[in-house]
Amino acid sequence: MYDCFYASVFENENPELRAVPLAVQQKQIIVTCNYEARRRGLHKLQLIREAKKICPEVVIVLGEDLTRFRNASKELYAFLRSFSWNSKVERLGFDEVSCDMRSVVIDPNVSQSPLLLFLPETSFPLPFSATYYIIDHNVGLLNANDFTNSYFCLSKSDPTAGFAFNASQLAGHAYPEESNDISGALQLDPLRLRLHLTSHLAQHLREALHSEKGYTCTVGVSTNKLLSKLVGNLHKPNSQTTLLPPYGFETEEPDNATLFVDDHEVGKIPGIGFKLAQKLRAHVLQRPAEFDDGLVYGGTKEKVLVRDVRTFPGMSAETLEQVLGGTGVPHGIGARVWGLLNAYDDTAISQARDVPKQISIEDSYIRLDTMEEVLKELRMLSLSLLKRMHADLLEDEEDEDKAETLPINGTRKRWLAYPKVVRLSTRPRPPQNPDGSRNRSFARISRSAPMPNFVFNLKENVDIRCERLVTEALIPLFRKLHPEKSGWNLSLVNVAAANMVDAASDKGGVGRDIAKMFKRQDDVLKQWRVDDEDDTLSVETGVIDKQLPQDAIAQDTVAMDVSKPDKDRTGSEDFPTTSQQSTGDTGDWESEDEDMLDDDMFRCECGAVMPVFAMAAHGRWHEQN
DNA sequence: TGGGGTCCT
DNA sequence: AGGACCC
């Protein structure tokens with residue numbers, strides 16, 4: 001993870017800040033601070049007042065707008081990804097990245113279909129990789145007679161890209177600590193050798209990140225996510241730690257991995273959150289559910305360590321399933337937690353996703369209890385949301401002849417994905433107890449509706465689209481959440497674009513053929529042209545359109561995506577919306593039609609009625625029939 | 001205690 | 001739609 005990321009972003013913008021104690025504020029708390037500030041006693045998630053009392057000289061910058069952090073995070077992420085050979089690079093939050101450097105070989109003798117073996121967790125001999133992975137490859141390059149003068153190759157295609165290193169030594173810290181030179185043992189322990197190489201690669205990446213991007217980071221090196229994360233915490237700013245073998249795959253002896261995990265409090269294990277930790281503590285402490293939370297955050301007074309749970313009489317995956325399971329708890333939680341307690345974690349590092357699953361904007365409030373204020377906030381949040389959709393979901397269209405993309409400011413853009421759903425969430429402030437105490441809860445409530453198509457129409461001014469989103473979607477949703485005219489008091493409002501559906505990357509001729517098909521309605525199409533080669537629902541409709549006649553396609557799609565929202569919008573009596581009434585201002589085509597089509601609907605030549613995003617799939621159906 | 005995100009039920 | 005988890 002990057003060291004005190006938010007603070008580092010500000011320091012990179014303004015290097016003078018590096019020398020002073022710097023804290024980043026969101027609302028009433030310090031969300032992070034640089035190490036200069038930590039030396040003076042400040043820490044994360046500290047109240048502003050407290051921080052000022054302890055360190056009056058602290059420089060405080062506001063960090064509620066995440067744009068700069070998001071941009072920096074993306075840039076650093078792309079940088080790290082550029083080193084990867086397998087694209088298995090995953091981001092967690094803004095400041096944490098996991099890279100899968102593990103070795104994977106395909107053994108043609110074992111199976112016809114590729115069999116993946118994760119070498120660090122086996123004693124499989126090295127190296128005959130059919131597929132090159134960076135650590136495998138570099139293990140293969142070693143000269144067994146001279147580990148001290150090794151060369152790490154960073155590129156499959158360019159042998160000159162790389163760095164010299166000493167493979168007999170570990171880079172950075174080790175756990176447990178030990179003397180660094182173990183060259184005699186190397187040949188006997190392939191896992192250790194790999195960890196050595198990985199530690200040098202990690203160091204190289206850290207140095208590159210620092211020299212080329214200006215950021216320091218802290219890294220953990222091990223064989224799975226759990227161990228890498230935990231071991232990374234040991235030496236914190238600008239450093240790295242490797243968990244040394246033995247890991248105990250076949251040994252009965254206590255191994256380093258188990259010993260290491262054993263010393264953690266159960267709640268510190270990633271994957272064991274507040275609820276699970278409470279249940280585990282209660283079970284081990286026999287009965288009493290652990291008196292806790294005085295007034296402040298976090299830990300309990302009686303510590304329950306992983307060891308205490310793991311070695312508790314009768315403990316097993318099955319027992320844990322009993323202890324932890326219940327309604328709402330994922331199946332297999334017992335096995336999962338049992339694995340974590342035993343230093344085992346098979347969670348994969350997934351390939352990088354280009355588009356997020358969801359985009360949301362939120363703000364919190366001391367008090368928000370009038371409709372006027374709510375309206376103002378909804379406008380601001382919506383505008384931010386639309387801008388974020390532009391930033392994260394829009395791609396430059398390189399193919400000029402591709403047609404249908406909309407010029408904005410001279411450049412053509414296309415949507416990478418379409419959120420199908422807009423969601424409004426609020427956090428109502430808990431009512432006062434009779435005794436006057438506050439019953440704090442962070443629970444949110446939410447309602448969602450189909451994302452109106454007009455938000456994708458780049459020809460329309462963003463402010464107009466924002467206003468329509470507020471009046472046509474968000475206000476009705478708000479009324480559903482809070483039917484009473486008043487009496488509510490919100491501490492948070494969140495607007496999200498969710499259920500992201502990839503625009504089919506298609507790129508083929510299909511898009512053009514579709515466009516031809518609907519030529520006669522070109523004027524109509526134009527206003528929706530943002531949907532473009534719109535296979536936006538290809539996953540769903542792609543299946544349907546091969547099995548059903550076109551009427552069924554249209555009706556099914558309509559039922560799913562349009563009639564529901566329409567009911568919602570018109571069902572709100574107090575807040576008549578413009579979805580039906582205002583259609584007159586969206587074009588004159590509709591008056592020429594016999595029946596009233598909904599705003600977002602389209603009729604094909606064949607008579608089928610469908611939302612715009614279903615057109616591509618519908619077109620393909622025509623082609624096949 | 002913030003402003004985000006993911007996955008599961 | 002909500003809950004639990006993560007940063």
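If you check every strand for non-hydrogen atoms under 4.0 Å, A/Ile269 touches sugar and phosphate atoms only. In this structure, A/Asp363 reaches the sugar-phosphate backbone alone: every heavy-atom distance under 4.0 Å involves primed, P, OP1 or OP2 atoms, never a base. Contact annotation for A/Arg70: backbone-only contact, meaning every heavy-atom pair under 4.0 Å involves sugar-phosphate atoms and none involves a base. Within the 4.0 angstrom heavy-atom criterion, no nucleotide atom of any strand lies near A/Leu492. Heavy atoms of A/Gln46 sit nowhere under 4.0 angstrom from any nucleic acid atom. Within the 4.0 angstrom heavy-atom criterion, only backbone atoms of the sugar-phosphate kind lie near A/Gly271; the bases stay farther away. Contact annotation for A/Gln358: base contact, defined as any heavy-atom pair under 4.0 Å involving a base atom. No contact: A/Leu47 has no heavy atom under 4.0 Å from any strand.
An OP1 or OP2 oxygen of B/dG3 is reached within less than 4.0 angstrom by a side-chain nitrogen or oxygen of A/Lys27. Look at A/Arg444 and you won't find any side-chain N or O under 4.0 angstrom from OP1 or OP2 of C/dG3. Listed pair A/His331 / B/dT9 meets the phosphate criterion, a side-chain N or O lying under 4.0 Å from OP1 or OP2. An OP1 or OP2 oxygen of B/dT6 is reached within less than 4.0 angstrom by a side-chain nitrogen or oxygen of A/Arg353. Here A/Ser360 reaches the OP1 or OP2 of B/dG5: one of its side-chain N or O atoms lies under 4.0 Å away. Note on A/Ser364: every side-chain N or O is 4.0 Å or more away from OP1 and OP2 of B/dT1. Distances shorter than 4.0 Å separate some side-chain N or O of A/Lys229 from OP1 or OP2 on C/dC7. In terms of phosphate contacts, A/Gln28 brings a side-chain nitrogen or oxygen within less than 4.0 Å of OP1 or OP2 of B/dG2. OP1 or OP2 of C/dA1 lies within a sub-4.0 Å distance of a side-chain N or O belonging to A/Ser448.
Between the CD atom of A/Glu377 and the C1' atom of B/dG3 there is a distance of 15 Å, given to the nearest Å. One interatomic measurement links the two molecules: OH of A/Tyr77 to C1' of B/dG4, which rounds to 16 Å at whole-angstrom precision. Per the geometry, CD belonging to A/Glu50 stands 12 Å off P belonging to B/dT1, to the nearest Å. In this entry the distance linking CD1 of A/Ile30 with C1' of B/dG3 reads 16 Å, nearest Å. Between A/Lys279 atom NZ and C/dG3 atom P the separation is 14 Å, expressed in whole Å. A/Lys275 places its NZ atom 17 Å from the C1' atom of C/dC6, with the value rounded to the nearest Å. Distance CG (A/Asp95) to P (B/dG5): 14 Å, rounded to an integer number of Å. Atoms CG (A/Leu381) and C1' (B/dG4) sit 13 Å apart, rounded to a whole Å.
Out of B/dT1, B/dG5, C/dG2, the shortest distance to the side chain of A/Ile359 is found at B/dG5. Of the candidate nucleotides B/dG4, C/dC5, B/dG2, C/dC5 has the atom lying nearest to any side-chain atom of A/Phe274. The side chain of A/Gln26 lies closest to B/dG2 when the candidates are C/dG2, B/dG2, B/dG4. Side-chain proximity of A/Pro330 to B/dT9, B/dT1, C/dC6: nearest is B/dT9. Taking the side chain of A/Ile361 as heavy atoms from C-beta on, and the options C/dG2, B/dG4, B/dG5, the nearest nucleotide is B/dG4. Among the nucleotides B/dG2, C/dA1, C/dC7, the one closest to any side-chain atom of A/Ser446 is C/dA1. Residue A/Arg447 places its side chain closer to C/dA1 than to any other of B/dG4, B/dT1, C/dA1.
Below 30°, between 30° and 60°, or above 60°: for A/Phe456 and A/Trp415 the angle between ring planes is above 60°, a perpendicular geometry. A/Phe79 and A/Phe83 have perpendicular rings, their planes meeting at more than 60° on a 0 to 90° scale where under 30° would count as parallel. Using bins of under 30°, 30° to 60° and over 60° for the plane-to-plane angle, the ring pair A/His235/A/His173 lands in the parallel bin.
Within the 4.5 Å cutoff, no side-chain heavy atoms of A/Tyr6 are placed close to those of A/Val61.
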Start with the C-alpha gap between A/Ile359 and A/Leu385, add the side-chain angles, then the distance that decides, and say whether side chain to side chain contact (heavy atoms under 4.5 Å, CB included) holds.
CA-CA 7 Å; A/Ile359 296 176; A/Leu385 184 67; 3.8 Å; yes

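Both A/Asp65 and A/Gly332 lie close to DNA chain B; mapped to their nearest nucleotides by heavy-atom distance, the more 5′-ward contact belongs to A/Asp65. Nearest-nucleotide positions on DNA chain B for A/Phe442 and A/Lys357 put A/Phe442 closer to the 5' end.
With respect to the salt-bridge test (charged N to carboxylate O, under 4.0 angstrom), the residues A/Lys268 and A/Asp263 do not qualify. A/Arg39 has a carboxylate O that lies under 4.0 Å from a charged side-chain N of A/Glu36, or vice versa, which qualifies the two as a salt bridge. Electrostatic pairing of A/Glu362 and A/Arg427 does not count as a salt bridge here, judged by no charged N lying under 4.0 Å from a carboxylate O.
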